[in-house]
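Here is the structure we will look at, set down as structure tokens.
Quantities reported herein were computed from a predicted structural model and do not represent experimental measurements.
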Amino acid sequence: EVRFVESGGGLVQAGGSLRLSCAASGFSLDDYAIGWFRQGPGEEEREGVSCIGTSDGAKYYLSSVKGRFTISSNDAKNTVYLQMDSLKPEDTGVYFCARLTVYHDSWYCVENEALDAWGKGTAVTVSP
């Protein structure tokens, strides 16, 4: 059974940092791209924040988080991380991780490319 457990969220002041973890089970990270998605307050859709192709290390970042967020993976732990620095109130939301469809060597960091059911996510609140 494929499962994701997100953790590391919390309440932080603007300018602060958090490190999110996504512990995956039921498959090997080596074979897929993994993404972090954010669902803002009152929003139904999840926005792709950052994704990584764990086999080749290719990375994608939403323009608004470039230079502030860093995605990484630890294949031995089957875990993907999102280091979030210089946080802003607009980063507030529930953060989810997901396994993405891979087309040969390509993948897309968008919600509808997620392969599995969504987990519970981890809430991030950034106060002004």
Side-chain angles (χ1 to χ4, degrees):
E1 179 188 5
V2 173
R3 189 171 177 230
F4 301 95
V5 178
E6 301 95 343
S7 62
L11 173 63
V12 64
Q13 287 187 328
S17 298
L18 287 171
R19 188 192 193 209
L20 306 185
S21 297
C22 169
S25 59
F27 71 98
S28 173
L29 288 184
D30 286 351
D31 300 328
Y32 294 93
I34 306 295
W36 280 100
F37 294 80
R38 175 173 67 204
Q39 187 174 35
E43 296 179 0
E44 291 190 4
E45 294 185 353
R46 295 175 180 85
E47 180 177 44
V49 174
S50 183
C51 297
I52 183 169
T54 54
S55 62
D56 62 3
K59 299 176 183 179
Y60 162 85
Y61 293 98
L62 184 67
S63 59
S64 62
V65 308
K66 281 183 181 177
R68 300 189 296 120
F69 290 11
T70 304
I71 192 169
S72 62
S73 65
N74 184 324
D75 290 352
K77 294 184 177 181
N78 231 41
T79 300
V80 176
Y81 305 96
L82 186 67
Q83 177 67 41
M84 306 190 297
D85 299 318
S86 302
L87 281 161
K88 302 177 180 180
E90 51 263 44
D91 296 319
T92 293
V94 180
Y95 285 69
F96 302 84
C97 58
R99 181 174 58 157
L100 304 175
T101 304
V102 177
Y103 306 93
H104 299 290
D105 295 328
S106 299
W107 43 265
Y108 302 94
C109 194
V110 294
E111 181 182 18
N112 61 7
E113 292 291 321
L115 282 170
D116 311 285
W118 295 95
K120 295 182 179 179
T122 185
V124 172
T125 303
V126 184
S127 62

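Contact record, Ser17 with Gln83: CB-NE2, 4.0 Å, taken as the closest heavy-atom pair. What you find for Ser73 and Ile52 is that their closest heavy atoms are OG-CD1, 4.2 Å. Between Leu29 and Ile34, the shortest heavy-atom distance links the atoms CD2-CG1, 3.7 Å. Residues Ala14 and Pro89 approach most closely at CB-CD, 4.2 Å, considering heavy atoms.
Under the 4.5 angstrom side-chain criterion for Ile, Leu, Val, Met, Phe, Trp and Tyr, the cluster partners of Tyr108 are Tyr103, Val110.
Applying the 6.0 Å contact sphere to CD of Glu90 captures more than 12 heavy atoms from other residues, nucleotides or ligands.
A ring pair (Phe, Tyr, Trp, His ring centres under 6.0 Å) check over residues 22-58, counting only residues at least two apart or in different chains, returns the pairs Phe4-Phe27, Phe27-Tyr32, Phe37-Trp118.
Between the NZ atom of Lys120 and the OG1 atom of Thr122 there is a distance of 12.0 Å, given to the nearest 0.5 Å. Residue Arg3 holds its CZ atom at 13.0 Å from CG of Asp116, rounded to the nearest 0.5 Å. Atom SG of Cys22 is separated from atom NZ of Lys77 by 14.0 Å, given to the nearest 0.5 angstrom.
Looking only at side-chain heavy atoms (C-beta outward), Tyr60 and Ile71 stay at 4.5 Å or farther from each other. For the pair Asp91 and Arg68, the minimum side-chain heavy-atom distance is below 4.5 Å. Residues Arg38 and Leu62 have side chains in contact (heavy-atom distance under 4.5 Å, counting atoms from C-beta outward). Annotation: side chain of Leu82 is in contact with side chain of Ser50 (closest heavy-atom distance under 4.5 Å). Side-chain atoms of Cys51 and Leu100, non-hydrogen and from C-beta on, do get closer than 4.5 Å to each other. Between Phe96 and Leu20 the shortest side-chain heavy-atom distance does not fall below 4.5 Å.
Looking at Leu18, Val65, Val126, Val49 one by one, the single match for side-chain contact (heavy atoms from CB on, under 4.5 Å) with Met84 turns out to be Leu18.
The main-chain N or O of Ser7 is never found under 3.5 Å from a side-chain atom of Ser21 such that the two would form a donor-acceptor pair. The closest donor-acceptor contact from the side chain of Glu111 to the backbone of Arg46 lies under 3.5 Å. No side-chain donor-acceptor contact under 3.5 Å links Glu45 to the backbone of Gln39. Asn74 contributes no side-chain N or O that, together with a main-chain N or O of Thr79, makes up a donor-acceptor pair within less than 3.5 Å.
With hydrophobic clusters built from ILVMFWY side chains whose heavy atoms lie under 4.5 angstrom apart, Tyr61 shares a cluster with Val80. The cluster map of Ile, Leu, Val, Met, Phe, Trp and Tyr, joined by side-chain heavy atoms under 4.5 Å apart, puts Trp107 and Leu115 in the same cluster.
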Please report the C-alpha distance between Tyr81 and Arg19 in whole Å, then the side-chain angles of each, then the deciding distance to 0.1 Å, and finally whether the side-chain contact (heavy atoms from CB on, under 4.5 Å) criterion is met. CA-CA 7 Å; Tyr81 305 96; Arg19 188 192 193 209; 3.6 Å; yes
